[in-house]
Structures are given as C-alpha cells and as structure tokens.
Number of protein chains: 2
Amino acid sequence: MERLLLIFKALSEETRLKILGLLRNGELCVCDITAVLNMTQPNISFHLGLLKEAGLIKDRRNGRWIHYSLDESDMFVRFLLLGIFEKTGGMSGVKIKRKRKC
Amino acid sequence: MERLLLIFKALSEETRLKILGLLRNGELCVCDITAVLNMTQPNISFHLGLLKEAGLIKDRRNGRWIHYSLDESDMFVRFLLLGIFEKTGGMSGVKIKRKRKC
DNA sequence: TCAGTATATTCCAGTATTCGAATATTACAA
DNA sequence: TTGTAATATTCGAATACTGGAATATACTGA
C-alpha cells in the first residue's frame, strides 16, 4: 500500500508527468529537463527526487552530470508508463535542444 | 493529461484505495463503506465523489440508497485496478457486515 | 404532508504540497 | 588548492488536501 501511494502521488502532478514524457526518448540530465520545462533547477530536482523515490525513474552519475531515465524494472510501473504515454502522447512533440553532450 | 491527473490524484490517498478494495467484491452503499472504514459519512461521500469524478467508480441509485461499484469500462482503469488489487490484496480479508439489504 | 433515513454539501482547522530564492554539495579542471 | 558548473537541500509563503461537525438534499413510508 505504501509503495503504491508513493507511485500514485508521484504521478498525480503535471510537472512530473511531463518529466516522464521527456524521459520517454531516453535519459536526460537535470539541466536539460530544467531548460525544457522552464522551471527552476531546484524545483526540477525536487520532482526528480519524488519520481525516483517512487521507483519510476533511476539515475546514473557521469562526472558532474546526473542522467535520469525511466526505471522499467517493475512490471506494474511499465504498464503505468505505457498507459500514461498512450494517453498523453508522451511529450513526443517536444524538441530537446541540448547545449552540450552531457 | 487532465483526466490522467484526476485518476492519479484519486488513487494517491489511502482511504480511497481502501474503498476501491472494498468494492472489489461488488457494489456497496455509502453506509456500508462508512461502517467498515470507521469514518464519518460526509467524509466517505467526499472520497466517493473524487473516485467517481475520476471515472474509477460509478453509482446507481436505488431508492434512498446509492450503490457504488467499480467502473471498469475504461481499459487503462481496469489495468490500474488489477495492479492495485494485486499489490494490496484488495481488502479481501475484510468482512463486510451489512445491516440490511440495501 | 410529515418524520425519518441515506447521502451530499458547506465550513473550518490542521496538515501537506508546490514553488522560487538562497545555500550547500559534488565533481572536475586549471 | 581554487574556481566553476551541475545538482541537491533548506526555507518560507502560497495553495491544496483531509477530516470532522453542522447542515442541506433526496427519497420513502405513514
């Protein structure tokens, strides 16, 4: 129950759904997400923390950069993500311009 | 997106997950749910309203009683409910004692 | 119509969530 | 080491959510 609540709470906010949609096409660093969503970096970090705590995304550090990506190791989460992307289009239209290779 | 948010917000609260679990075995009236969960009736009505607005449950009036049941008309919702019940056990152990046929 | 029961709505206090600003941490490069 | 860039944490204000109490509405039976 606790785990489920964490997952659904994480999913019940627009910014976080947007982040998941952005990650659909592969991993991104915090600065990329911050730039695309036009919010402050601490705020994005906060949302990423909730998503990670819920087990929806995972991170990978590479030097200064931390890359976030979808965590599809859990079957139920995988279903959720599929459903979300199907319903929202998964940010497929958003063009991500990365300033640098990070 | 809006619809999805409604669904996930509805699912991100323990009382509402419990209500869904109770409804797993069939429709119940508000007074039944109120009795089992030991909360005030207005509060239960409030939660039922959110669940209904999200399209997770539907209601059927029969005289004074309003019976709520799972709304499985949407495929994604059906997946969600299955996942929830699998993870929580779906209140399967709770014995519902109904005072009367309602 | 009136009384009683089932459910919904309103109101308010307590709590949680969200955001930006300020600040701290981590890692690298010079 | 020192400076800088990427990310995380803390803090405070605004907003949203939750729960109980009081009240309103809907229906039924007498």
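Here is the naming used below: chain letters follow the sequence lines, and residue numbers restart at 1 for every chain.
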B/H47 side-chain N/O to D/dG19 phosphate OP1/OP2 under 4.0 Å: yes
Distance in angstrom units between B/L48 CG and C/dT7 P, rounded: 9 Å
Listed partners of A/K58 passing salt bridge (Lys or Arg N to Asp or Glu O under 4.0 Å), at least two apart: none
Between D/dC11 (P) and A/F46 (CZ): distance, integer Å: 15 Å
Interatomic distance, A/L5 CG vs C/dA16 P [rounded to whole Å]: 14 Å
Partner residues of A/I66 under the side-chain contact (heavy atoms from CB on, under 4.5 Å) criterion, sequence neighbours left out: A/D59, A/R61, A/Y68
Whole-Å distance separating the NZ atom of A/K9 from the P atom of D/dA16: 18 Å
Nearest listed nucleotide, side chain of A/V30, among C/dT7, D/dT18, D/dA8: D/dA8
ILVMFWY cluster membership beyond B/M75 - transitive side-chain contacts under 4.5 angstrom: A/M75, A/F79, B/F79
Rounded distance in Å - CG (B/D59) to C1' (C/dA8): 12 Å
Whole-Å distance separating the CD atom of B/E13 from the P atom of D/dT18: 5 Å
Distance, rounded to the nearest Å, where B/I44 contributes CD1 and D/dA21 contributes C1': 15 Å
Contact letters for nucleotides 20-30 of chain C, in which S counts primed atoms plus P, OP1 and OP2 and B counts the base, heavy atoms under 4.0 Å: BBB----BSS-
Smallest separation among heavy atoms of A/L5 and B/L11, with atom names: CD2-O, 3.9 Å
Interatomic distance, B/E53 CD vs C/dT9 P [rounded to whole Å]: 11 Å
Parallel, tilted or perpendicular: ring planes of A/F8 versus B/F8, cut at 30 and 60 degrees: parallel
C/dA8 phosphate, OP1 or OP2, under 4.0 Å from B/Y68 side-chain N/O: yes
Co-members of the apolar cluster containing B/F46 [side chain, <4.5 Å]: B/L50
Side-chain donor-acceptor pairs under 3.5 Å in residues 34-42 of chain A, sequence neighbours left out?
unit_1	atom_1	unit_2	atom_2	d
A/T34	OG1	A/V30	O	2.8
A/T40	OG1	A/N43	N	3.4
A/Q41	NE2	A/S45	OG	3.1

